[in-house]
2 protein chains.
Amino acid sequence: MSNYAAPLKDMHFVLRELAGLDRVAALPGFEEASFDVVYAILEEAGKFAAGVLAPINSSGDREGAQWADLGQEKRVTMPAGFGEAYRQFAEAGWNGLSCELDFGGQGLPKLVSAAVQEMWKAANISFSLCPLLTLGAIEALTLVGSPEQKRKYLPNMIAGRWTGTMNLTEPQAGSDLAAVSTRALPQGDGSYRIFGQKIFITYGEHDMAENIVHLVLARTPDAPEGVRGISLFVVPKFMVDEAGNLGARNDVQCVSIEHKLGIHASPTCVMAFGDNGGALGTLVGRENEGLKTMFIMMNAARFAVGLEGLALGEAAYQKALAYARERVQGRAIEGSAASVLIIRHPDIRRMLMLMKSQIEAMRALAYTVAAAHDAALHHADLDERRRSQALVDLMIPVVKGWCTETGNELASLGVQVHGGMGFIEETGAAQYLRDARITTIYEGTTGIQANDLIGRKIAREGGATVKAVIALMREAEAELAAHSGADFAAIRAALGSGIAALAAAAEHVVAHYGDDICGVSVGAVPFLKLMGIVCGGWQMARAALVSQAKLAGGDHDPFYPAKIATARFYADHVLAAAPGLAYTVIHGAPGALALGEEMF
Amino acid sequence: MSNYAAPLKDMHFVLRELAGLDRVAALPGFEEASFDVVYAILEEAGKFAAGVLAPINSSGDREGAQWADLGQEKRVTMPAGFGEAYRQFAEAGWNGLSCELDFGGQGLPKLVSAAVQEMWKAANISFSLCPLLTLGAIEALTLVGSPEQKRKYLPNMIAGRWTGTMNLTEPQAGSDLAAVSTRALPQGDGSYRIFGQKIFITYGEHDMAENIVHLVLARTPDAPEGVRGISLFVVPKFMVDEAGNLGARNDVQCVSIEHKLGIHASPTCVMAFGDNGGALGTLVGRENEGLKTMFIMMNAARFAVGLEGLALGEAAYQKALAYARERVQGRAIEGSAASVLIIRHPDIRRMLMLMKSQIEAMRALAYTVAAAHDAALHHADLDERRRSQALVDLMIPVVKGWCTETGNELASLGVQVHGGMGFIEETGAAQYLRDARITTIYEGTTGIQANDLIGRKIAREGGATVKAVIALMREAEAELAAHSGADFAAIRAALGSGIAALAAAAEHVVAHYGDDICGVSVGAVPFLKLMGIVCGGWQMARAALVSQAKLAGGDHDPFYPAKIATARFYADHVLAAAPGLAYTVIHGAPGALALGEEMF
């Protein structure tokens with residue numbers, strides 16, 4: 001069941017040829033990220049993912065995290081093997097891969113950690129959520145924590161001895177954090193007592209680490225209403241003294257965990273703060289600026305959730321491909337004496353190609369954005385930093401929204417390739433579908449990503465960055481024209497239509513967001529999908545161009561003709577949907593808004 | 001949780017205005033199916049679905065069917081309430097609604113039973129599978145059973161005292177029944193002893209009825225290989241004597257049940273025939289003609305599974321709509337003083353409209369096909385019968401494939417509307433997604449429906465019937481042109497492009513199926529989706545035309561403007577995808593077939 005193998009060959013190709021690992025390694029501070037070092041890291045990570053995390057993915061799903069009420073103390077017990085896997089994970093130093101060197105991190109580029117994270121997520125998404133949330137908390141403390149907070153928490157968190165959480169959501173405050181009502185009362189000594197209930201807290205409680213460091217959104221007594229009155233606090237499960245030793249148990253408890261469709265091994269906790277006098281915490285950053293910090297973390301988390309879509313698609317693909325290569329059923333459609341492997345059937349092949357091509361497109365786009373993130377933070381040239389940051393800001397909702405929506409489709413295709421066996425839980429294909437279903441919801445639904453994309457990321461700047469991206473796409477389109485043959489003609493035709501569709505839709509958004517925000521917002525998700533599909537097509541076109549150059553240079557690795565064929569498939573089967581989506585963006589508002597609420 | 005309400009208003013509209021209930025009621029034998037009688041039946045069925053079946057849908061999911069090994073006897077226990085609900089169902093006469101009058105059925109049109117079945121499926125799909133399989137077995141016995149077999153089995157099966165099954169699949173014989181290896185040895189007295197194992201047998205064992213009548217595919221000793229050597233047998237769980245009394249326990253046992261993604265309350269059984277000397281059965285119809293009979297039953301079953309897609313979409317929609325009308329979160333995007341109901345948000349509204357519009361399109365198409373089925377069997381004019389049968393044959397794979405694929409999408413949208421709550425099992429939205437996932441697989445996967453559509457239903461007759469359907473669509477398109485206003489212009493534009501796309505794709509299929517069967521088959525599923533979308537658009541256009549006529553005639557029921565707006569939404573958001581799908585059908589083969597199997 002646990003036969004995940006990291007797709008190292010495609011990862012290398014994307015890192016080297018599309019995302020520009022060499023350019024990232026040339027940035028100040030990343031000198032050690034040479035090809036050799038990075039490939040060695042990926043190989044080790046691949047072994048860890050396949051050897052330690054994948055084997056407990058399906059058992060973790062079956063057992064699930066278990067909650068128990070021991071009176072005063074509520075306990076969450078992780079499925080068998082998770083604690084030991086986490087110990088190995090921390091000891092091997094995986095937790096601090098991309099963390100800063102000062103507190104024990106390895107300071108590697110986001111481009112490298114993106115590839116490594118893809119592996120954790122593909123092998124065992126429930127497990128991967130623990131380090132994901134810890135990284136978010138580390139990032140917040142690194143960005144705005146006081147020197148004392150950093151000293152107290154970061155070394156143990158980066159080493160993986162303590163884990164972290166993000167406590168945002170409350171029953172009445174989900175997508176809309178303005179409604180947060182958890183209170184923080186100052187004690188006069190710089191500390192606060194926190195009172196309130198948080199829901200949907202990933203790894204809010206578990207038994208894999210010595211301590212859990214909660215970052216909690218709450219309001220101080222005189223805070224203004226709405227999002228401008230929310231502050232961020234650090235609230236450890238066990239108090240920590242100056243020397244870093246663990247002290248008293250803090251007044252925070254996991255009062256229940258959710259019974260969910262998927263990610264069963266990831267405890268989703270209801271957290272009660274202050275039921276016995278108040279949970280002690282300290283302010284992180286400045287009062288009333290908690291949401292700003294959270295948004296920075298959230299961008300990282302949104303990118304990471306986008307990678308989950310890619311990773312679950314990859315895992316589902318590997319499983320479906322293995323089945324298609326071993327299941328014999330039916331004669332070949334063109335006629336055959338005996339029954340054949342189902343990979344011979346055109347529709348099975350179409351489904352596998354839908355998976356393969358969209359995985360490769362998502363990976364290329366996501367890693368390219370990760371490289372831009374590295375440039376945005378580390379490039380010597382400030383203009384280049386700004387340009388890179390603008391690209392990252394534009395692309396984060398696309399990576400999050402498009403990769404997770406696509407990941408769901410691919411997980412469903414993975415079930416379909418298995419036929420009746422796909423519906424049987426023991427097969428394991430259905431778990432990917434169940435696990436993937438949360439990815440289009442948490443860290444902001446696809447609708448929220450799409451509104452962020454068309455509003456803050458496009459309309460607010462008059463479409464400047466998206467137009468710059470479209471100009472880059474047109475350069476790739478022009479390069480395609482220099483190549484002969486049916487494959488490149490097909491790729492160019494579909495990419496050309498896709499770019500035109502994206503440009504027209506973007507123009508519509510920029511032109512009408514101000515005067516018809518409701519109407520334009522109807523098209524937000526179709527626009528996000530359109531942009532994802534076309535960006536993916538752009539990356540696949542770049543991949544085909546590189547592959548053609550390799551072949552022309554005498555490198556006859558079959559990887560290259562496969563990449564060109566895959567890019568062509570993507571063009572004819574995925575990019576082909578672009579004009580229809582643009583039509584919906586531009587024309588879809590009146591029908592959607594016509595009905596009175598009572599007419600549904 | 002169980003708040004399903006039968007959508008009587010739209011059902012009435014479709015029955016009366018689109019599917020032609022009056023014309024069906026004019027067919028010989030259906031004289032009693034007047035509007036009044038049918039509406040009364042639907043109202044009663046709606047009460048039963050909402051009051052008896054829906055309340056045990058989510059508890060049935062949680063409990064599941066349970067298997068126990070009691071030594072010689074293996075038992076399947078149904079979840080609480082299922083036995084009692086089934087007793088009420090049978091006593092109320094629902095089981096025999098569309099069965100022939102001779103053995104106790106009510107002989108109502110398929111058009112009426114389609115609407116009633118939609119309700120059972122929406123309220124409780126796991127429950128609904130028991131009568132569905134029973135009806136299939138009744139149909140086979142009615143068609144080819146001997147007078148003795150009919151007398152012995154039909155009255156009790158139609159009354160619902162005994163249930164039926166279809167035992168087709170074996171581990172090596174799923175989509176490809178040629179590989180069936182279960183053996184039937186003649187005993188010289190007209191009876192046979194059956195030996196073999198069947199898998200995926202829906203309601204193969206349960207505790208809701210006195211007897212279970214298995215229809216089993218098996219091979220006699222001298223049968224030819226492949227599909228021409230398969231015979232059909234009736235094998236009761238308890239032997240039945242001449243007087244219809246139950247006798248000895250037959251040698252058939254349920255040796256395990258599957259642990260599935262969904263439909264937990266529907267036992268999916270592994271059945272062992274003949275472990276203790278042979279299960280006694282008799283031949284149904286002629287030797288070696290079992291598959292022919294099965295295919296007739298399978299067409300009915302495929303249509304019924306298509307209705308499952310519609311029904312689960314409707315149930316998911318009702319749940320999502322209720323949540324969108326009660327959940328307050330976030331300000332209105334155009335600005336609002338307070339937080340608003342989420343139905344106010346444009347993207348939530350878009351998702352609800354995607355659900356509503358596609359549900360209405362599926363219902364219109366499915367019921368229209370049901371009416372054609374009635375005409376095919378009962379029309380006085382033989383040419384009309386033939387034409388109707390050709391339409392039914394063409395449309396069954398579309399109803400099955402398109403409605404189930406769409407049902408899955410709608411169930412997923414239902415989860416999405418709920419946000420984080422959608423992922424929590426107690427909410428109930430996720431169950432529809434889990435339950436729906438089997439519908440694109442059983443009774444022939446979408447790939448198999450699509451190959452049936454392009455091969456047997458289109459290419460084999462040179463596209464005659466699909467061209468006739470396209471001609472009907474063009475008549476509707478011309479009618480749209482007679483109406484002014486933006487709504488009708490938008491509907492006409494999208495329908496026109498959709499028809500052109502379908503026509504081009506159909507022409508491609510007809511032209512190249514013979515010389516490039518592999519390439520054309522790559523486009524089979526995209527073609528099926530294209531045809532479903534355009535047929536749905538045609539039905540929505542017809543609905544809009546009828547509604548406009550009602551409004552012009554002075555009937556100002558808000559149902560009519562809502563229908564027109566919904567048709568327009570469908571045009572701009574669903575039909576808009578048609579040209580892209582046609583592009584894939586026509587151009588998508590080379591990329592899909594380029595890779596050697598080792599290159600994946």
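This one's a predicted model, so the numbers in the text were calculated from it and none came from an experiment. Hydrogens, waters and symmetry mates play no part in the numbers below; they use all other heavy atoms, side chains included. Lettering of chains follows the sequences in order, A, B, ..., and the numbering in each one begins at 1.
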Closest-packed option against chain A by number of heavy-atom pairs under 4.5 Å, given [options]:
{"options": "G419(B), P558(B), A490(B)", "answer": "G419(B)"}
{"options": "K356(B), E334(B), H259(B)", "answer": "H259(B)"}
{"options": "E258(B), Q329(B), K260(B)", "answer": "Q329(B)"}
{"options": "I586(B), I348(B), I517(B), I448(B)", "answer": "I517(B)"}
{"options": "A594(B), A565(B), A562(B)", "answer": "A562(B)"}
{"options": "C518(B), A332(B), A571(B), G455(B)", "answer": "C518(B)"}

Chain A heavy atoms under 4.5 Å from [X]: which part of the residue, side chain, backbone, both or neither?
{"X": "M421(B)", "value": "both"}
{"X": "I333(B)", "value": "both"}
{"X": "R434(B)", "value": "both"}
{"X": "N451(B)", "value": "side chain"}

Any side-chain heavy-atom pair of [X] and [Y] under 4.5 Å:
{"X": "D347(A)", "Y": "S521(B)", "value": "no"}
{"X": "K563(A)", "Y": "M599(B)", "value": "no"}
{"X": "P526(B)", "Y": "R350(A)", "value": "yes"}
{"X": "I343(A)", "Y": "F600(B)", "value": "yes"}
{"X": "F200(A)", "Y": "I424(B)", "value": "yes"}
{"X": "V522(B)", "Y": "M353(A)", "value": "no"}
{"X": "L261(A)", "Y": "L433(B)", "value": "yes"}
{"X": "F569(B)", "Y": "L595(A)", "value": "no"}

Quick check: closest heavy atoms across [X] and [Y], and the distance to 0.1 Å?
{"X": "R349(B)", "Y": "E597(A)", "answer": "NH2-CG, 3.5 Å"}
{"X": "T584(B)", "Y": "A576(A)", "answer": "OG1-CB, 3.7 Å"}
{"X": "D176(A)", "Y": "S339(B)", "answer": "OD2-OG, 3.8 Å"}

Notebook entry, point to check: Going from CZ on R568(B) to NE2 on H587(A), what distance comes out if it is rounded to the nearest 0.5 angstrom?
Noted result: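 Between atom CZ of R568(B) and atom NE2 of H587(A) there are 9.5 Å.
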Notebook entry, point to check: At what distance, to the nearest 0.5 angstrom, does OG1 of T445(B) lie from CE of M351(A)?
Noted result: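 Answer rounded to 0.5 Å: 6.5 Å.
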Check: Picking from L575(A), N408(A), V415(A), T169(A), which has the most non-hydrogen pairs under 4.5 angstrom with chain B?
Finding: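 Top count of heavy-atom pairs under 4.5 Å with chain B: V415(A).
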